[in-house]
A.B. asks: 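Below is one structure. I have some questions about it.
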Amino acid sequence: MARLFASMGDVEAAVESLKQALNTGFSDIEAIRREPDFDPIRKDERFQTFMKTAALLTRR
């Protein structure tokens with residue numbers, strides 16, 4: 001769902017969906033970095049903040 005929201009430019013919904021994915025065990029942050037569907041929201045501060053936080057949370 002996050003990819004769909006991101007491709008539509010809906011940063012809030014995309015980030016919320018990504019947070020839910022992390023909470024249920026998703027940990028492939030590199031896949032998000034490579035996925036072109038996230039290109040429309042990459043420069044948004046909310047997405048960048050999420051990516052920084054997610055990278056820290058998944059490094060164990």
Side-chain angles (χ1 to χ4, degrees):
M1 289 303 296
R3 288 173 54 192
L4 176 65
F5 290 132
S7 69
M8 296 184 325
D10 188 342
V11 179
E12 289 290 329
V15 169
E16 196 56 42
S17 183
L18 287 168
K19 286 179 183 178
Q20 289 176 0
L22 280 181
N23 288 335
T24 58
F26 179 81
S27 63
D28 191 358
I29 302 305
E30 199 55 42
I32 299 169
R33 287 191 181 100
R34 289 188 311 264
E35 178 56 56
D37 287 344
F38 291 101
D39 289 353
I41 67 169
R42 282 196 201 283
K43 292 183 181 179
D44 189 283
E45 185 177 322
R46 295 165 291 181
F47 180 76
Q48 292 177 358
T49 299
F50 166 80
M51 290 299 288
K52 288 175 189 171
T53 303
L56 291 174
L57 290 175
T58 58
R59 285 186 199 161
R60 293 182 191 180

A.B. asks: Given side-chain contact (heavy atoms from CB on, under 4.5 Å), test Val15 with Asp44 step by step and report yes or no.
C.D. replies: CA-CA 11 Å; Val15 169; Asp44 189 283; over 6 Å; no
A.B. asks: Between Ser17 and Ala13, is there a donor-acceptor pair closer than 3.5 Å when you use the side chain of the first and the backbone of the second?
C.D. replies: no
A.B. asks: Return the minimal non-hydrogen interatomic distance between Ala14 and Ala6, and the atom names on each side.
C.D. replies: CB-N, 3.8 Å
A.B. asks: What is the distance from atom OG1 of Thr53 to atom NZ of Lys19, rounded to the nearest 0.5 Å?
C.D. replies: 8.0 Å
A.B. asks: Quick one: pull up CG in Leu57 and CG in Asn23 and give me the separation to the nearest 0.5 Å.
C.D. replies: 9.0 Å
A.B. asks: Can you pull out every side chain to side chain donor-acceptor pair (under 3.5 Å) where at least one residue sits in residues 2-11? Sequence neighbours excluded, please.
C.D. replies: Arg3-Asp37
A.B. asks: About how many Å separate CZ of Phe5 and CD of Glu12, when rounded to the nearest 0.5 Å?
C.D. replies: 11.5 Å
A.B. asks: Which heavy-atom pair separates Ala54 from Leu22 by the least distance, and what is that distance?
C.D. replies: CB-CD1, 3.6 Å
A.B. asks: Rounded to the nearest 0.5 Å, how far apart are NZ of Lys52 and CD1 of Ile29?
C.D. replies: 14.5 Å
A.B. asks: Taking all non-hydrogen atoms of both residues, which atom of Met51 and which atom of Arg33 are closest, and how far apart?
C.D. replies: CE-CG, 3.6 Å
A.B. asks: Show every ring-ring contact (aromatic ring centres under 6.0 Å, His included) that has at least one partner inside residues 18-46, sequence neighbours left out.
C.D. replies: Phe38-Phe47
A.B. asks: Is the number of heavy atoms from other residues, nucleotides or ligands under 6.0 Å of Glu45 CD greater than 12?
C.D. replies: no
